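What follows is a set of notes on a single structure, which appears directly below.
In this text, all values refer to a predicted model and were calculated from it rather than measured experimentally. All heavy atoms count here, side chains included; hydrogens, waters and symmetry mates do not.
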Amino acid sequence: MIAPEVGTVDGSLYERVGGNDGIRSATLAFEDRAAKDARINQKFARTDLDRLTKEFVDQVCQATGGPCTYTGRNMTETHANMGVTSGEFEAFIEDFIAVLDDFKVGQADQDQLVSFLRSFRGEIVEVDSSQDGTPLPSSFVPGPPL
Ligand code: HEM
């Protein structure tokens, strides 16, 4: 018997997280949670949320094997001058995991999603400090609305 391709036994991660609808619902839930989290919410003060939702969904869709192509900006450019601290990065990951728990995403799939997010740490964290809740610097320039 010919061995199945990697990922076809249980379907792709994209399918297991509910495809585009699942990723979109989880992204909206995450944005909601982040907006209430004083550890990170100041960073989103000048952001166009429709743009953020679309770009984040596309990025996760592509990373999980879905039929999308991420066309947003790279992570260094996107988060430049945002002044994100190590502590804020960890708070962001914590909120993301809480949403994955709410959406009943299994542990192995959570680990894969979290390591995808963590792979961008060096491009996003600008301040090596455990402090969180720091303000958005005035030098930050948000992306244009879609
Ligand atoms: C952990 C990995 C992360 C990933 C994969 C990620 C991904 C993204 C993506 C795809 C966008 C939209 C790109 C575009 O507009 O072209 C974005 C924007 C944004 N991210 Fe992240 N992000 C991460 C971490 C963080 C953290 C830790 C913070 C703050 C605590 C943050 C705050 C923001 C904000 C405020 C925007 C909107 C920027 C704007 O207004 O132009 N992100 N992120």
Side-chain angles (χ1 to χ4, degrees), residues 6-7 9-146:
V6 174
V9 178
D10 302 319
S12 64
L13 176 54
Y14 173 76
E15 285 159 11
R16 288 197 299 279
V17 296
N20 230 283
D21 288 350
I23 294 171
R24 194 181 160 81
S25 305
T27 298
L28 293 174
F30 173 76
E31 286 172 0
D32 222 49
R33 190 174 183 101
K36 291 179 188 135
D37 185 345
R39 297 176 301 171
I40 56 174
N41 60 9
Q42 293 187 69
K43 302 298 184 189
F44 296 88
R46 292 195 275 125
T47 288
D48 181 77
L49 283 182
D50 289 341
R51 177 190 176 98
L52 178 66
T53 305
K54 186 216 178 267
E55 301 300 4
F56 196 74
V57 168
D58 278 357
Q59 194 189 40
V60 173
C61 169
Q62 178 174 319
T64 53
C68 314
T69 305
Y70 176 64
T71 57
R73 297 165 300 162
N74 70 48
M75 294 297 95
T76 305
E77 192 189 332
T78 299
H79 301 87
N81 297 319
M82 215 181 264
V84 173
T85 67
S86 317
E88 287 159 352
F89 186 84
E90 291 308 320
F92 182 103
I93 298 275
E94 226 178 88
D95 285 343
F96 187 77
I97 291 173
V99 170
L100 297 181
D101 283 342
D102 286 348
F103 279 73
K104 313 268 181 263
V105 175
Q107 193 57 51
D109 290 342
Q110 287 204 18
D111 291 350
Q112 213 174 315
L113 289 161
V114 168
S115 69
F116 172 69
L117 290 199
R118 283 201 181 281
S119 71
F120 295 110
R121 190 182 188 284
E123 290 155 66
I124 293 170
V125 173
E126 291 181 327
V127 184
D128 181 19
S129 157
S130 59
Q131 208 186 338
D132 54 39
T134 67
L136 182 65
S138 54
S139 54
F140 171 71
V141 182
L146 292 172

Inset, instruction - With side-chain contact (heavy atoms from CB on, under 4.5 Å) as the test, would you mind laying out the steps for Val57 and Cys68 before giving the verdict? - result: CA-CA 9 Å; Val57 168; Cys68 314; over 6 Å; no
Flag, side chain of [X] to backbone of [Y], donor-acceptor distance under 3.5 Å:
{"X": "Tyr14", "Y": "Ala63", "result": "no"}
{"X": "Gln131", "Y": "Thr85", "result": "no"}
{"X": "Glu15", "Y": "Ser12", "result": "yes"}

Inset, instruction - Evaluate salt bridge (Lys or Arg N to Asp or Glu O under 4.0 Å) for Asp50 paired with Lys54, printing each intermediate quantity in order. - result: CA-CA 6 Å; Asp50 289 341; Lys54 186 216 178 267; over 6 Å; no
Would you name the heavy atoms of [X] and [Y] that are closest together and state the gap between them?
{"X": "Ala26", "Y": "Val99", "answer": "O-CG1, 3.6 Å"}
{"X": "Ala35", "Y": "Asn41", "answer": "O-ND2, 3.0 Å"}
{"X": "Arg73", "Y": "Arg51", "answer": "NE-NH2, 3.3 Å"}
{"X": "Leu146", "Y": "Glu55", "answer": "CD2-OE2, 3.9 Å"}
{"X": "Gly22", "Y": "Phe103", "answer": "O-CE2, 4.5 Å"}

With heavy-atom distances below 4.5 Å as the criterion, would you say the side chains of [X] and [Y] are in contact?
{"X": "Lys36", "Y": "Asp32", "value": "yes"}
{"X": "Ile23", "Y": "Thr64", "value": "yes"}
{"X": "Asp95", "Y": "Ile40", "value": "yes"}
{"X": "Val84", "Y": "Glu126", "value": "no"}
{"X": "Asn74", "Y": "Glu123", "value": "no"}
{"X": "Pro67", "Y": "Cys61", "value": "yes"}
{"X": "Thr27", "Y": "Val60", "value": "no"}
{"X": "Asn81", "Y": "Pro137", "value": "no"}

Inset, instruction - Test Leu113 against Phe96 for side-chain contact (heavy atoms from CB on, under 4.5 Å), laying out the working first. - result: CA-CA 9 Å; Leu113 289 161; Phe96 187 77; 4.0 Å; yes
Inset, instruction - Return the orientation label for the Phe116 and Phe120 ring planes: parallel under 30°, perpendicular over 60°, tilted otherwise. - result: perpendicular
Legend entry - Parallel, tilted or perpendicular, as decided by the 30° and 60° cut-offs, for the rings of Phe56 and Phe30: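 Rings of Phe30 and Phe56: parallel, under 30°.
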Inset, instruction - Drop me the distance from Asp58's CG to Thr71's OG1, to the nearest 0.5 angstrom. - result: 6.0 Å
Inset, instruction - To the nearest 0.5 angstrom, please state how far the CG atom of Asp37 sits from the CG atom of Asp132. - result: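 If we round to the nearest 0.5 Å, Asp37:CG and Asp132:CG are 7.5 Å apart.
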Inset, instruction - Please name all residues satisfying side-chain contact (heavy atoms from CB on, under 4.5 Å) with Arg46, sequence neighbours left out, ordered by chain then number. - result: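 Here the qualifying residues are Leu136, Phe140, Pro142.
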Legend entry - Worked verdict on Asp101 versus Gln110 for side chain to side chain donor-acceptor pair (under 3.5 Å): CA-CA 9 Å; Asp101 283 342; Gln110 287 204 18; 2.8 Å; yes
Inset, instruction - Scan side-chain atoms only and decide if Gln107 and Asp111 contain a donor-acceptor pair under the 3.5 Å cut-off. - result: yes
Legend entry - Within 6.0 angstrom of Arg24 CZ, more than 12 heavy atoms from elsewhere: no
Inset, instruction - Kindly indicate, with the supporting measurements, whether the criterion side-chain contact (heavy atoms from CB on, under 4.5 Å) is fulfilled by Thr134 and Val127. - result: CA-CA 10 Å; Thr134 67; Val127 184; over 6 Å; no
Legend entry - side-chain contact (heavy atoms from CB on, under 4.5 Å) between Gln59 and Met75, worked out: CA-CA 11 Å; Gln59 194 189 40; Met75 294 297 95; 3.6 Å; yes
